[in-house]
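First the structure, in the form of structure tokens, and then the observations on it.
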Amino acid sequence: MKQVLQEMIRAAVARAHQSGALYSDATGDFVVEAPKLDHHGDFASNVALVSAKQQRMAPRRLAEILLAHLDDPGQRIERTEIAGPGFINFFLRPSAWHPLLVDIHRAGARYGASDAGGGQRVQVEFVSANPTGPLHVGHGRGAVVGDAVANILEAAGYQVQREYYINDSGRQIRTLGLSVYLRYAALCGRQVDFPENCYQGDYIRDLAAQVHQRRGDALLEEEETAAVDFCARLAAGTILDGIRKDLEDFGVRFDQWYSEQSLFDAGRVEAALDELRRRGIVYEKDGAQWCRTSEYGDEKDRVVVRQNGLTTYFASDIAYHRDKYARGFERVIDVWGADHHGYVARMTAAIEASGQRRDQFQVILVHLVNLLRGGQPVAMSTRAGEFVTLAEVVAEVGRDAARFIFLTRHHESALDFDLELAKQKTNDNPVYYVQYVHARIASILRKAAKEHGISEVVHDPAALAMLTEAEEIALIKAMAAFPETVAVAAAHLEPHRVTFFLMELAAAFHAYYNRHRVLTEDARLTRGRLFLVATVQQVIARGLGLLGVSAPERM
RNA sequence: GCGCCUGUAGCUCAGCCGGAUAGAGCAACGGCCUUCUAAGCCGUGGGUCGCAGGUUCGAAUCCUGCCAGGCGCGCCA
């Protein structure tokens with residue numbers, strides 16, 4: 001509809017220019033948009049303001065000339081007005097909206113999709129929590145944001161791969177092994193000091209018990225390094241299995257689980273460093289090896305090989321990201337916790353130094369989640385091992401509520417997650433507000449089949465023509481915003497836009513539902529309204545689907 | 001000290017690649033269930049968009065400076 005009006009305006013300018021009413025046929029960079037206020041019409045354009053200077057004419061006068069030359073062959077426009085400093089407001093006839101309803105209905109699940117991405121291969125890497133402990137709510141937010149972004153990019157025409165990077169090498173894993181080993185030794189009756197920098201949580205004791213169950217006291221006889229290594233591998237494997245299960249229960253699936261250790265095993269870390277050395281980007285200083293990230297926008301150069309000969313985490317990351325592009329991804333998106341934001345510049349620098357463009361790499365920084373219960377903060381201390389896990393939260397409030405709430409804020413804004421609120425089945429809880437629309441419509445459709453013998457929603461132009469109530473047009477207008485919402489959400493990597501869209505569409509539906517009946521005495525009107533609500537149901541389902549939230553038939 | 005993020009109604013937040021009288025939800029107050037699910041709807045009140053400048057016909061939005069809060073600034077991961 002916007003495009004139609006845009007074309008009409010362009011044509012009007014051209015016509016006015018031809019007739020000599022305007023100096024120029026230039027339109028400037030004008031927009032047609034849905035105004036915030038209803039009484040500003042269905043659409044408004046700033047064309048007269050934008051091109052007033054070029055046309056050497058006052059905006060309002062220019063607007064008048066444009067309107068005089070406006071041709072509306074489709075008879076879509078009911079009336080127009082010139083308002084404020086020179087906006088042109090368009091008020092459309094209800095009939096102008098009806099074809100859109102048919103389009104949406106026909107498009108089905110493809111409605112809102114586009115080919116903006118042109119099939120470009122994109123990788124979204126998210127969660128990637130170290131397998132040293134269970135996932136907590138913060139990981140949950142990252143999981144949902146990453147998953148929803150991936151869905152939205154798919155809808156926008158990208159070919160998306162979801163990946164989880166497993167940090168299964170390095171010191172944290174050794175610390176994990178040591179933690180389990182020490183708890184195990186204690187189980188065997190040894191007197192042990194448990195250092196503060198070891199993992200404190202109860203799950204470590206559980207893992208130690210597993211070790212004991214499997215090996216008895218025998219591990220104590222082995223050399224400590226080997227024993228710790230055994231504990232590390234067993235613990236990391238067990239924890240990772242738990243993480244997989246928690247994510248699966250949360251509706252998050254990955255196409256690929258990529259092991260850091262495999263990078264070393266395949267020699268990719270050395271290969272990446274070798275290449276950078278050859279190109280003089282990695283150099284030696286003070287007995288360590290450094291990457292010249294400062295030449296690519298970072299504050300300073302970064303160490304990739306320490307004095308002790310061990311590579312840093314950053315070195316693996318360089319190799320890992322190099323491999324991502326080698327695997328054919330043209331764009332790479334990483335979802336990180338906001339506390340890692342200091343890492344963005346160096347990673348971007350490394351990627352550019354490795355031969356990619358910096359715009360091929362984007363980081364989504366997901367901010368903190370404050371867990372509350374009834375408005376009171378829930379005590380959480382990772383260090384002391386006291387935290388509420390993602391699995392516990394999902395078990396308590398449900399997958400849909402948790403996912404939806406994680407997406408009710410911009411990801412760069414801290415989020416308060418109140419467990420009590422999330423469980424409430426009231427309008428305080430937006431997930432039910434939206435799902436309820438789907439369930440209500442399902443209920444109507446069931447009743448239509450059962451009591452009115454209407455088993456199929458059919459397109460009948462005469463029936464659609466009867467959809468003239470303000471609430472009906474408002475519903476169609478709300479749905480009309482979906483493709484742009486998806487497109488903008490994809491362009492900005494902002495899934496919360498879909499959430500807000502759904503809440504608005506839901507509000508429009510509930511208002512309609514309370515004011516008008518779908519199933520009426522008038523068969524034709526009923527047919528039209530059924531077509532309308534079936535379309536709404538379909539868009540709601542599609543939107544919820546992008547967020548990974550279910551669309552229930554009953555509630 | 002430097003860098004990033006945040007600052008919008010009593011509370012929680014949208015809006016931020018410039019547009020009209022800044023929007024929702026919650027909370028407060030008042031209404032709506034013999035009819036498709038009240039997990040719903042309708043109405044009322046509520047604002048120096050952190051502050052100060054600048055650019056612009058026009059700024060919550062862009063630029064500069066300041067203030068407040070969060071986070072980050074390792075040869076840790």
Side-chain angles (χ1 to χ4, degrees), chain A residues 31 33 35-37 39-40 44-46 49-50 52-53 58-59 83-87 89 130 132 167 169-173 175 197 260 285-290 299-300 302-317 337-346 365 367-368 375 408-416 418 421 424-437 439-448 450-452 471 488 491-492 496-497 499-501 503-504 506-507 509-520 526 529-530 533 554-555:
Chain A
V31 295
E33 59 184 3
K36 282 180 281 194
L37 285 88
H39 68 264
H40 287 151
S45 179
N46 62 352
L49 289 109
V50 170
K53 206 169 261 179
F87 288 99
N89 296 338
N130 294 341
T132 54
N167 294 119
S169 138
R171 215 180 71 189
Q172 286 196 62
I173 293 295
T175 304
N197 61 3
E260 179 186 11
K285 191 183 89 179
D286 303 332
Q289 293 181 34
W290 301 69
E299 290 172 6
K300 56 178 190 174
R302 307 290 176 176
V303 170
V304 286
V305 183
R306 293 183 264 167
Q307 276 182 347
N308 64 10
L310 295 177
T311 55
T312 60
Y313 180 88
F314 184 46
S316 331
D317 250 352
D339 53 342
H340 288 73
H341 68 75
Y343 210 75
V344 175
R346 86 180 65 167
L365 294 171
H367 280 233
L368 200 81
T408 53
R409 300 269 181 285
H410 184 102
H411 52 70
E412 282 195 358
S413 162
L415 167 72
D416 289 339
D418 195 308
L421 210 70
Q424 264 178 44
K425 301 191 168 176
T426 67
N427 47 359
D428 295 9
N429 199 345
V431 62
Y432 299 116
Y433 186 78
V434 174
Q435 288 183 318
Y436 194 37
V437 172
R440 271 184 152 175
I441 294 171
S443 175
I444 294 171
L445 295 176
R446 280 194 298 272
K447 185 160 173 148
K450 204 167 151 195
E451 295 175 22
H452 296 247
E471 290 83 359
V488 174
H492 295 250
H496 74 284
R497 289 175 185 272
T499 313
F500 281 86
F501 164 83
M503 292 195 282
E504 270 173 40
F509 175 77
H510 288 310
Y512 175 58
Y513 181 92
N514 270 274
R515 188 96 188 263
H516 305 283
R517 286 187 58 80
V518 173
L519 305 175
T520 66
T526 299
R529 289 184 170 174
L530 277 172
V533 299
R554 292 171 206 275
M555 284 173 72

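Lettering follows sequence order; numbering is per chain, from 1.
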- request: Name the nucleic acid region contacted by A:Y513, choosing base, sugar-phosphate or nothing; use a 4.0 angstrom heavy-atom cut-off, strictly under.
  value: base
message: Between A:K447 and A:L415, which residue's closest nucleotide on RNA chain B lies nearer the 5′ terminus?
response: A:L415
task: Using the C1' atom on both, measure B:rC2 against B:rA60 and round to a whole Å.
output: 28 Å
- line: B:rA39 -> Watson-Crick or G-U wobble partner, both distances under 3.5 Å, gives none
message: In whole Å, measure the gap between the P atoms of B:rA20 and B:rU35 for me.
response: 44 Å
Check: A:Y433 main-chain N/O paired with A:H510 side-chain donor or acceptor under 3.5 Å: yes
message: Among B:rC76, B:rA20, B:rU12, which nucleotide has an atom closest to any side-chain atom of A:D416?
response: B:rU12
message: Rounded to the nearest 0.5 Å, what separates atom CD in A:E451 from atom CZ in A:R446?
response: 11.5 Å
- prompt: Heavy atoms under 4.0 Å, any strand shown: does A:A288 hit a base, just sugar-phosphate, or nothing?
  reply: base
query: So what's B:rC16 paired with, Watson-Crick or G-U wobble, going by both distances under 3.5 Å?
result: none
- request: Using atom types as modelled and distance alone, determine if a side-chain donor or acceptor of A:S169 lies under 3.5 Å from a backbone N or O of A:E260.
  value: no
- prompt: Taking atom C1' in both B:rA9 and B:rG15, what distance in whole Å separates the two?
  reply: 15 Å
field: For atom CG of A:L49 and atom P of B:rG18, their distance in whole Å
entry: 14 Å
message: What's A:R554 touching, base or sugar-phosphate or nothing? Going by heavy atoms closer than 4.0 Å.
response: base
message: Under the criterion side chain to side chain contact (heavy atoms under 4.5 Å, CB included), I'd like the reasoning laid out for A:H367 against A:R409: C-alpha separation, chi angles, the key distance, then a yes or no.
response: CA-CA 10 Å; A:H367 280 233; A:R409 300 269 181 285; over 6 Å; no
- prompt: Hey, what's the ring geometry for A:H516 with A:Y512, parallel, tilted or perpendicular (30° and 60° as the breaks)?
  reply: tilted
field: Between C1' of B:rC33 and NE2 of A:H510, the distance in whole Å
entry: 16 Å
query: Would you find more than 12 non-hydrogen atoms of other residues, nucleotides or ligands less than 6.0 Å from A:R171 atom CZ?
result: no
P atoms of B:rC26 and B:rA39, separation to the nearest Å: 14 Å
Sugar-phosphate, base or nothing in reach of A:H410, heavy atoms under 4.0 Å: sugar-phosphate
query: Nearest-Å distance, CG (A:N429) to C1' (B:rG25)?
result: 12 Å
- request: Scan every strand shown for a Watson-Crick or G-U wobble partner of B:rC75, both distances under 3.5 Å, and answer none if you come up empty.
  value: none
field: Whole-angstrom distance between B:rG31 and B:rU12, as gauged at atom P
entry: 30 Å
message: Counting the atoms with a prime plus P, OP1 and OP2 as sugar-phosphate, which does A:K450 contact under 4.0 Å by heavy atoms, base, sugar-phosphate, or nothing?
response: nothing
- request: May I have the distance from A:H340 (atom NE2) to B:rC76 (atom P), rounded to whole angstrom?
  value: 15 Å
message: On the side chain of A:D339, is there an atom forming a donor-acceptor pair with the base of B:rG72 - under 3.5 Å, no angle test?
response: no
task: Write down the distance separating the C1' atoms in B:rG10 and B:rG46, rounded off to the nearest Å.
output: 9 Å
query: At under 4.0 Å between heavy atoms, what does A:H516 touch on the DNA or RNA strands: base, sugar-phosphate, or nothing?
result: base
message: Strictly by Watson-Crick or wobble contacts shorter than 3.5 Å, is anything paired with B:rU21, and which nucleotide is it?
response: none
- request: Check whether any side-chain nitrogen or oxygen of A:R515 sits under 4.0 Å from OP1 or OP2 of B:rC36, and answer yes or no.
  value: no
- request: Using the closest heavy atom to pick a nucleotide of RNA chain B for each, name whichever of A:T312 or A:H492 lands nearer the 5' end.
  value: A:H492
message: Does the Lys NZ or Arg CZ of A:R440 fall within the cation-pi geometry relative to A:F509 - under 6.0 Å from the ring centre and within 45° of the axis?
response: no
Between B:rA24 (P) and A:R497 (CZ): distance, integer Å: 18 Å
statement: Paired to B:rU56 by Watson-Crick or G-U wobble criteria (both distances under 3.5 Å) is none
field: Short side-chain N/O contact from A:H411 to OP1 or OP2 of B:rC5, under 4.0 Å
entry: no
message: Taking pairing as Watson-Crick or G-U wobble with both contacts under 3.5 Å, can you name the mate of B:rC49, or confirm there isn't one?
response: none
task: Have a look at A:S443 and say if it touches a base, only the backbone sugar-phosphate, or nothing, with a 4.0 Å heavy-atom cut-off.
output: base
- prompt: Which part of the nucleic acid, if any, lies within contact of A:L445, taking any heavy atom under 4.0 Å across all strands shown: a base, the sugar-phosphate backbone alone, or nothing?
  reply: nothing
query: How is A:A44 classified with respect to the nucleic acid when contacts are heavy atoms under 4.0 Å: base, sugar-phosphate, or nothing?
result: base
query: Would you say A:Y433 stacks on B:rA39, if stacking means ring centres under 5.5 Å apart and planes within less than 30 degrees?
result: no
- request: Please evaluate the base of B:rC5 for a donor-acceptor partner in the side chain of A:H367 within a cut-off of under 3.5 Å?
  value: no
task: Write down the distance separating the C1' atoms in B:rU8 and B:rG47, rounded off to the nearest Å.
output: 8 Å
query: What do you reckon, is CZ of A:R306 surrounded by more than 12 foreign heavy atoms closer than 6.0 Å?
result: yes
task: Provide, to the nearest angstrom, the distance between the CG atom belonging to A:D418 and the C1' atom belonging to B:rA27.
output: 14 Å
query: Between the side-chain atoms of A:N89 and the base atoms of B:rA20, is any donor-acceptor pair under 3.5 Å?
result: yes
- prompt: Looking only at side-chain N and O atoms, does A:R409 come under 4.0 Å of OP1 or OP2 in B:rU6?
  reply: no
query: Under 4.0 angstrom, heavy atoms only, what part of the nucleic acid is A:N308 near: base, sugar-phosphate, or nothing?
result: nothing
query: Hey, does the side-chain of A:H341 have a donor or acceptor N/O within less than 3.5 Å of a partner on the base of B:rG3?
result: yes
Interatomic distance, A:N46 CG vs B:rG58 C1' [rounded to whole Å]: 11 Å
- request: Could you tell me which nucleotide pairs with B:rC33 by Watson-Crick or G-U wobble geometry, both distances under 3.5 Å, or answer none if nothing does?
  value: none
field: Counterpart base for B:rC4, defined by Watson-Crick or G-U wobble contacts under 3.5 Å
entry: B:rG70
message: side chain to side chain contact (heavy atoms under 4.5 Å, CB included), that's the test. Do A:M555 and A:Y432 meet it? Break it down for me.
response: CA-CA 9 Å; A:M555 284 173 72; A:Y432 299 116; 3.7 Å; yes
query: What is the nucleic acid contact for A:F500, judged by heavy atoms within less than 4.0 Å: base, sugar-phosphate only, or nothing?
result: sugar-phosphate
- prompt: Picking from B:rU6, B:rC41, B:rG15, which would you name as closest to the side chain of A:E412?
  reply: B:rU6
message: Applying a 4.0 Å non-hydrogen cut-off, can you work out what A:Q307 is touching in the nucleic acid: base, sugar-phosphate, or nothing?
response: base
